[in-house]
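Each chain gets a letter, A, B and so on, in the order the sequences are listed, and its residues count up from 1. Fair warning: this is a prediction, and the values are worked out from it, not measured in the lab.
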2 protein chains.
Amino acid sequence: MRRPTLRQLASELDLSITTVSRALAGYSDVAHDTRQRIHQAAKKAGYVPNSAGKSLVTGQTGFIGLLLPLSDRPQIDPFFSEFLAGLGEGLQARARDCFLATVGPAQSELEVLQHVVESGRADGMVLTRIGESDERVDYLNERGFPFITHGRTLNDAPSRCWVDTDGETAFATAFEELYSAGHRRFGLISIEEPMSFRHFRETGLMQAIQQRNDATVSLAIGRTPRFDPAARARAASTMLTSHTRPTAILALTDEIGLSILEQAAALRIDVPSELSVIGFDNLPASEWVRPTLTTFDQRVRETALELGHRLVDLIDGTSGSGQRPAQHLLDATLIRRGSHGPAPGVRHEYTTGN
Amino acid sequence: MRRPTLRQLASELDLSITTVSRALAGYSDVAHDTRQRIHQAAKKAGYVPNSAGKSLVTGQTGFIGLLLPLSDRPQIDPFFSEFLAGLGEGLQARARDCFLATVGPAQSELEVLQHVVESGRADGMVLTRIGESDERVDYLNERGFPFITHGRTLNDAPSRCWVDTDGETAFATAFEELYSAGHRRFGLISIEEPMSFRHFRETGLMQAIQQRNDATVSLAIGRTPRFDPAARARAASTMLTSHTRPTAILALTDEIGLSILEQAAALRIDVPSELSVIGFDNLPASEWVRPTLTTFDQRVRETALELGHRLVDLIDGTSGSGQRPAQHLLDATLIRRGSHGPAPGVRHEYTTGN
DNA sequence: AGCAGTATCCGAAACGTTTAGGAAGACTAA
DNA sequence: TTAGTCTTCCTAAACGTTTCGGATACTGCT
């Protein structure tokens, strides 16, 4: 039982293909009762336009591509399902579907991206995990292919579409929160990879420190490969056993934050009385651990929904009319939980050292 | 700058479209040096066949659809990214792409499924979250559309393709492990939804209990809606405060297991000395909590990879030659962690009651 | 020279849709 | 009556690909 086509419908109704097509598409040059007959027959036959045919003539596929690297590390992205849910919701509202361009371990993302773009499988692209500079962005820019990114590079033109979470403000806020609570010896455990979110979060912290202009504030920085749990634990442990252990540590991600909590427990350092930790991402696990992890929520779902809408605007050329700016920065909201608190009293400063 | 087409390539090379097409497709009726000229020109022009054109004539899209419900609950599926990674990897190896058919809150999955199938956007479908009986499965069966499921219904024909984790054996194993450790008063916190994995896990437990044929074994059963954290907590707390509190509780999922650990901590019931808990899923959080949660790992990624390969086999008709059976049951592996241990001594049985 | 066989290429149709550019008839206004 | 304007419908081309069924020229053989 093959799917009904326009031709079949037309011959059944003794009409031309054109008329059936135009009736279904809602054009006004079809008589009212003809239109009704057509709609009835279409519904009865279960007619759904063949997307390949349509795509061939319109040049649009109705697909949005999402570049998905399949590294061998276990978790792709902790909030990936959230992201997908938001994106899917946004795209569905605009009658598009999402397709996953998977990047195998042996391929480069750029390679896959080029193939997708050139084969015309997608009308637009969504890119995540943006680096401080990003060859994928450069390629699509040059190619003139519609795309949007979750995150920005360090040198985007003002017209380049992106949606990002304001990590800069978030980390400044975190610093202020902790500074006000009396903390002066700070730590930051960051990642080694030059992702742009690292840049912004770090910058936010640095600027906030500078702005305080308080010589008693110190900052120790540790780095770890992003996806190596053992290295993460080492970085945390190193900072926690240092001679001048910080009283407050900012973790670039929750995974790092959880690792710090774990090492602190192992070293019998009480959180939050002896040590404050603030993470970023609001992973599910950050609610399950004890103490619970204070962190920032990115509202990933919302972000991705926005991303979808904006990309379709871009493709349809709707964004030219200027209702929304091309770039959109969303606030991260601080989720105050159990892993931060007032700094330990100055008296204790030298007794807690290792 | 539009993408190069076969026609352009052909006229450039002073050849017919046919020849260029056949050379690129690897047919043998093209002279060696002609073939080389064509390949060179194609590479130079960056030619990639237009997928709509190809799809129109071959009737294949190269896409596999994955039905993705966008419920309003925050996390779609804890291991969703894992699943996607595996599926993507499998499909990529077979030169297919994965597309996401998102189901909005207002739509039914069946409705979306029908639309995808009838519009010819996909060559095959992957279904997850299978119910004990499932209208989506019925529809696709009847429609004769290629599909595979992660999970099985309670009445699948032997030829119906699926890959599933053996929850039956897993729960029997868990029971045996605990029984051998001296536990006799068991609890099970299950879900309310008639998902088929619930059926198999419960059945596995029941059968294991029956097989022991030990009158001193008791089983208390609690149920909670799958995605309601508050109800989950209530169910856990109810079982933990019952007059005859179990010494070992099996949680149908890790989310339930984590909730039990949380409630136990709140009630000052020590795990594992007073209570053993075993979950299922191996969520990331189960490693972060203290005590860590003993649970089963489903090897989601591996499962999904298998799923992808088998579906493509099915589509290509390769599975007819009978190298692999249509149905495949994978073992879940017990990850022994900190939340289970020997049963508390009989002496304590009546002192721990609430 | 005549013939079969082979290597190499091509014309044309087909897939299902959209849409530009009419055409035919009915109505309106003078 | 006649020209003009709507309303309603249709013909035909186009999108880019694959593939069936030849066509042509060359080879080797008798």
Side-chain angles (χ1 to χ4, degrees), chain A residues 1-39 41-42 45-63 95 115 117-123 316, chain B residues 1-39 41-42 45-63 95 115-123:
Chain A
M1 187 188 85
R2 303 206 26 75
R3 296 201 326 270
T5 82
L6 267 191
R7 184 196 314 275
Q8 283 171 36
L9 227 52
S11 81
E12 217 172 275
L13 290 163
D14 254 325
L15 287 168
S16 75
I17 294 180
T18 305
T19 305
V20 179
S21 172
R22 295 184 73 83
L24 260 23
Y27 284 78
S28 61
D29 62 351
V30 179
H32 183 70
D33 31 339
T34 312
R35 176 190 306 277
Q36 281 210 324
R37 273 176 60 218
I38 293 177
H39 270 110
Y47 173 76
V48 180
N50 174 289
S51 50
K54 185 185 230 166
S55 155
L56 192 52
V57 56
T58 60
Q60 298 260 315
T61 64
F63 277 122
H115 196 269
V117 168
E118 303 303 332
S119 72
R121 288 174 93 80
D123 303 335
D316 292 349
Chain B
M1 186 189 85
R2 303 205 27 74
R3 293 203 328 272
T5 82
L6 268 190
R7 184 196 313 277
Q8 283 170 35
L9 226 52
S11 81
E12 218 172 274
L13 291 161
D14 254 324
L15 289 167
S16 76
I17 294 181
T18 306
T19 304
V20 179
S21 172
R22 294 183 75 82
L24 260 23
Y27 284 79
S28 63
D29 62 350
V30 178
H32 183 69
D33 33 339
T34 313
R35 175 190 306 280
Q36 281 210 323
R37 272 177 61 218
I38 294 177
H39 269 109
Y47 173 76
V48 181
N50 175 290
S51 51
K54 184 185 230 166
S55 155
L56 192 53
V57 56
T58 61
Q60 297 261 317
T61 63
F63 278 122
H115 197 269
V116 170
V117 169
E118 303 303 333
S119 70
R121 289 174 90 80
D123 304 334

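Under 3.5 Å, the side chain of A:T18 and the base of D:dT11 form at least one donor-acceptor pair of N or O atoms.
Candidate nucleotides D:dT17, C:dT8, C:dT17 were compared by shortest atom distance to the side chain of A:L6, and C:dT17 ranks first. If you check C:dG16, C:dT18, D:dG16 against the side chain of A:I17, the one that comes closest is C:dT18. Taking the side chain of A:N50 as heavy atoms from C-beta on, and the options C:dT17, C:dC10, D:dC10, the nearest nucleotide is C:dT17.
Looking at heavy-atom distances under 4.0 Å, A:S21 makes contact with a base. At the heavy-atom level, B:T34 lies under 4.0 Å from the strands shown only through sugar-phosphate atoms.
Looking only at atom types and distance, the side chain of A:T18 has no donor-acceptor partner in the side chain of A:S21 under 3.5 Å away.
Atom CG in A:D14 sits roughly 16 Å away from atom C1' in D:dT8 (whole-Å rounding). At whole-Å resolution of the value, CZ in B:R121 and P in C:dT17 are 14 Å apart. The CZ-P distance, from A:R7 to C:dT18, rounds to 14 Å in whole Å. For A:R22 and C:dT18, the CZ to P distance is 10 Å, given to the nearest whole Å. Summarising the geometry, the separation between CG on A:L15 and C1' on C:dA24 is reported as 16 Å, rounded to the nearest angstrom. The interatomic distance linking A:Q36 (CD) with D:dT8 (P) rounds to 13 Å, in whole Å. Atom-to-atom, CD1 of B:I38 to C1' of C:dC10 comes out at 12 Å; the value is rounded to the nearest Å. The nearest whole Å value for the distance from the CG atom in A:L13 to the P atom in D:dT8 is 17 Å.
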Item to check | Stepwise side-chain contact (heavy atoms from CB on, under 4.5 Å) test for A:D29 and A:T19 | outcome: CA-CA 9 Å; A:D29 62 351; A:T19 305; over 6 Å; no

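Cation-pi geometry between A:R121 and B:F63 is met: under 6.0 angstrom from the ring centre, within 45 degrees of the axis.
Dashed line: the shortest gap from a side-chain N or O of B:T5 to OP1 or OP2 of D:dC15 is not under 4.0 Å. OP1 or OP2 of D:dT7 has not a single side-chain nitrogen or oxygen of A:Y27 nearer than 4.0 Å. For A:S28 and D:dT7, the shortest distance from a side-chain N or O to OP1 or OP2 is not below 4.0 Å.
A side-chain donor-acceptor contact under 3.5 Å links B:R37 to the backbone of B:L13.
Mapping B:D29 and B:L56 onto DNA chain D via the closest heavy atom, the residue that lands nearer the 5' end is B:L56. Comparing B:T58 and B:T19, the nucleotide of DNA chain C nearest to each residue sits closer to the 5' end for B:T19.
Going from atom CG of A:L9 over to atom CG of A:L15 covers 9.0 Å, rounded to the nearest 0.5 Å.
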